[in-house]
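Scroll down for the structure; my scribbles are underneath it.
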Protein chains: 2
Amino acid sequence: MSRRTRSGSAAPGIPEATIARLPLYLRALYALADRCIASVSSEELAAAAGVNSAKLRKDLSHLGSYGTRGVGYDVDYLIYQVSRELGLTQDWPVVIVGAGNLGRALANYGGFLSRGFRVVALLDSDCAVIGTTVAGHLVRGVTEIERVVDEHKIMIGAITVPAAAAQDICDRLVGAGVTSILNFAPIVLSVPDGVDVRKVDLSIELQILAFHAQRKSAAGRAGSELTSLDARRGEERAIVAAGRPRSGRTGPRGTVAGGTVAGDTVAGGTVAGSTVAGDTVAAEAVGT
Amino acid sequence: MSRRTRSGSAAPGIPEATIARLPLYLRALYALADRCIASVSSEELAAAAGVNSAKLRKDLSHLGSYGTRGVGYDVDYLIYQVSRELGLTQDWPVVIVGAGNLGRALANYGGFLSRGFRVVALLDSDCAVIGTTVAGHLVRGVTEIERVVDEHKIMIGAITVPAAAAQDICDRLVGAGVTSILNFAPIVLSVPDGVDVRKVDLSIELQILAFHAQRKSAAGRAGSELTSLDARRGEERAIVAAGRPRSGRTGPRGTVAGGTVAGDTVAGGTVAGSTVAGDTVAAEAVGT
DNA sequence: CCGACTTTGTGCAAACGTTCACAAGGGCGT
DNA sequence: ACGCCCTTGTGAACGTTTGCACAAAGTCGG
Ligand SMILES: NC(=O)c1ccc[n+]([C@@H]2O[C@H](COP(=O)([O-])OP(=O)(O)OC[C@H]3O[C@@H](n4cnc5c(N)ncnc54)[C@H](O)[C@@H]3O)[C@@H](O)[C@H]2O)c1
Ligand SMILES: NC(=O)c1ccc[n+]([C@@H]2O[C@H](COP(=O)([O-])OP(=O)(O)OC[C@H]3O[C@@H](n4cnc5c(N)ncnc54)[C@H](O)[C@@H]3O)[C@@H](O)[C@H]2O)c1
């Protein structure tokens with residue numbers, strides 16, 4: 001895989017971390033433009049975007065030298081340059097598969113199309129939903145995936161179906177020609193090379209927050225007892241859901257074990273095991 | 001081996017990147033447990049989680065030595081250990097502020113409470129919404145933030161109000177004692193030290209996808225790589241609106257930033273702008 | 001026209017994260 | 001009981017990202 005791109009507008013390898021921040025800068029820039037501010041320094045823009053100013057300058061330097069020393073950056077011009085780099089100077093038709101709670105919220109979301117993204121199709125498999133109108137969009141059947149994607153030359157798809165159906169929908173989207181997928185279902189999608197998957201996973205975010213919250217609680221607790229690291233191995237603390245630690249009997253590989261998993265079953269989606277033992281390449285999204 | 005975790009929120013003993021992956025492993029582990037699989041190797045678990053096996057082993061090694069050489073990891077035991085590390089052995093009451101499209105979708109989301117997160121309050125400012133019931137939760141007024149947070153000892157809050165109201169809601173949550181915030185509004189929240197903010201930003205994800213999609217289009221057009229499915233996708237359309245490369249004079253006003261992007265009003269303004277007066281010092285929160 | 005002042009763009013080093021490769025360690029068959 | 005074989009745990013190499021510090025480059029007042 002060649003890393004260098006020498007075509008056209010000189011898009012050298014821009015770090016992924018930088019790409020992930022460009023939308024942040026863009027948003028801050030639009031906010032400035034709304035306030036009729038014509039130029040901005042790296043310090044100010046960085047503050048508005050919540051990043052370090054040196055980082056911002058380095059990020060922008062990857063796009064080219066678009067600033068003026070001693071002055072700063074021209075807001076409008078920078079908006080244009082960043083937009084161009086991100087590919088926002090063109091419209092991106094998007095298909096949403098799954099017209100449930102989340103899919104409808106997305107379809108209704110104005111911010112969705114504020115940057116050139118346009119929902120052109122909303123699909124579902126439920127006959128009770130097909131034919132209804134959501135945010136001005138007629139919900140159509142999933143069977144039309146291929147036709148819709150082809151007709152509108154769609155490259156970006158959002159998956160908002162239950163986890164059990166997500167891989168199947170993903171495969172169909174990819175088969176139809178979609179190369180970028182925004183996945184809201186809590187599973188790891190397998191996709192062929194050349195397809196990007198980014199996931200939005202609320203549950204993961206909450207768990208990360210819980211980790212830090214726990215740490216803060218523990219820190220606040222003056223009692224230094226049980227400071228993080230391992231209690232002991234054979235500890236027998238049965239927890240409400242997680243089952244018992246290391247029961248004496250460990251079946252040889254692959255044997256059926258007690259199960260006893262999660263009495264508090266995963267509500268909602270419940271991964272009813274789709275392709276878990278994958279042979280295909282697991283879909284690492286770009287960065288996280 | 002492992003270092004001591006200082007009892008403070010400054011010195012995490014476990015890398016942030018690892019923390020972000022633990023929920024992924026946990027999900028894969030639950031899926032295995034559901035299938036009554038008692039033990040799993042790092043290779044298998046890594047495949048299920050979509051990561052490199054060496055990375056997985058290193059991640060898990062931060063929690064302690066919970067594997068058995070030559071065999072693998074005991075699924076139930078590892079579920080317990082990871083859960084404990086993430087702080088999921090306790091229940092986390094959560095408050096959602098903003099009972100709009102997204103807030104309601106969240107409240108309805110079963111996966112929300114599948115890992116010990118429990119929505120205990122749903123707040124809004126709209127009188128038309130207050131008093132209604134969403135997913136079994138009575139929507140209450142925002143004025144009750146402080147009371148609700150205090151009453152339930154809430155540490156985690158989700159913000160699903162319009163961007164304009166988000167900072168205010170954030171301040172109130174923090175003032176009431178919330179230390180972890182999941183923000184869905186497209187703004188950078190400023191919070192005092194010790195408060196974690198994680199953002200879920202759909203628009204940013206789409207823009208990142210657009211960047212890669214654009215790159216793929218460009219590549220397909222020039223090089224003869226990738227013979228598969230993109231034959232003539234993505235025509236290059238020159239949209240020149242906002243960008244004027246550095247007009248010679250300090251043209252305070254010239255081109256008004258025109259509709260490069262959708263209908264999002266990009267005010268060009270007419271004031272020979274002063275620079276922005278930083279009124280918001282954005283504080284970045286945890287990772288990414 | 002000049003000099004002082006401001007801010008960009010970047011070399012560099014440190015911090016952080018990923019991946020390789022392999023020794024240490026433990027189960028399992030014989 | 002013993003050695004084979006499998007997998008973990010980890011040292012070390014490598015790549016990426018961050019942040020500092022400063023020279024270069026431009027503006028602005030006089
Ligand atoms: N609601 C949330 O706040 C939330 C948060 C995080 C993640 N998620 C995830 O997003 C996904 C959707 O969540 P939701 O709350 O909207 O669920 P939902 O049940 O409200 O909606 C799912 C929709 O998908 C449709 N569907 C099912 N199988 C389909 C198929 N094979 N093809 C096409 N459509 C199909 C259903 O008819 C339904 O309309 C789930 O995977 C969920 O885990 C939801
Ligand atoms: N809907 C989506 O798919 C989506 C996607 C990404 C981001 N977002 C963001 O999430 C937020 C909510 O989106 P939404 O689609 O649910 O919007 P919405 O308009 O449907 O809901 C917003 C809710 O917040 C309430 N509200 C307004 N001001 C309030 C205040 N001061 N205190 C308490 N409640 C208040 C409103 O009454 C309304 O019920 C927005 O910031 C939006 O940008 C939404």
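Naming: A, B, ... by sequence-line order, numbering from 1 per chain.
- Here B:R57 does not reach the OP1 or OP2 of C:dC22: none of its side-chain N or O atoms lies under 4.0 Å away.
- One interatomic measurement links the two molecules: CD of A:E16 to P of C:dT18, which rounds to 13 Å at whole-angstrom precision.
- Of the candidates C:dT8, C:dG27, D:dG19, C:dG27 carries the atom nearest the B:V71 side chain, counting heavy atoms from C-beta on.
- At whole-Å resolution of the value, CG in B:L60 and P in D:dG9 are 8 Å apart.
- The side chain of A:T68 lies closest to D:dT27, out of C:dG26, D:dG9, D:dT27.
- The interatomic distance linking A:D59 (CG) with D:dT18 (P) rounds to 7 Å, in whole Å.
- Mapping A:R21 and B:E43 onto DNA chain D by nearest heavy atom places B:E43 at the nucleotide closer to the 5' end.
- Projected onto DNA chain C by closest heavy-atom contact, A:S42 and B:A17 fall at different nucleotides, the more 5' of which corresponds to A:S42.
- Side-chain atoms of B:Y73 lie closest to D:dG9 of the nucleotides C:dG17, D:dG9, C:dG11.
- In this structure, the side chain to side chain donor-acceptor pair (under 3.5 Å) partners of B:Q167, at least two apart in sequence or on a different chain, are B:D171, B:S190.
- A close approach under 4.0 Å does not occur between any side-chain nitrogen or oxygen of B:N52 and OP1 or OP2 of C:dG17.
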TODO: Take B:D196 and A:K216 through the test side chain to side chain contact (heavy atoms under 4.5 Å, CB included) and record every step on the way to the result.
DONE: CA-CA 10 Å; B:D196 286 327; A:K216 277 178 287 198; 3.2 Å; yes
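- When the side-chain nitrogen and oxygen atoms of A:K55 are compared with OP1 and OP2 of D:dT18, one or more of them lie within a distance under 4.0 Å.
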Open item on the list: Is there a side chain to side chain contact (heavy atoms under 4.5 Å, CB included) between A:L78 and A:Y25? Walk through the geometry before answering.
Closed with: CA-CA 9 Å; A:L78 197 53; A:Y25 304 153; over 6 Å; no
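- For A:K58 against D:dG19, a side-chain-to-base donor-acceptor contact under 3.5 Å is present.
- At least one side-chain heavy atom of B:F117 sits less than 4.5 Å from a side-chain heavy atom of A:Q207.
- In the set C:dG17, D:dT8, C:dT8, C:dT8 carries the atom at the smallest distance from any side-chain atom of A:R69.
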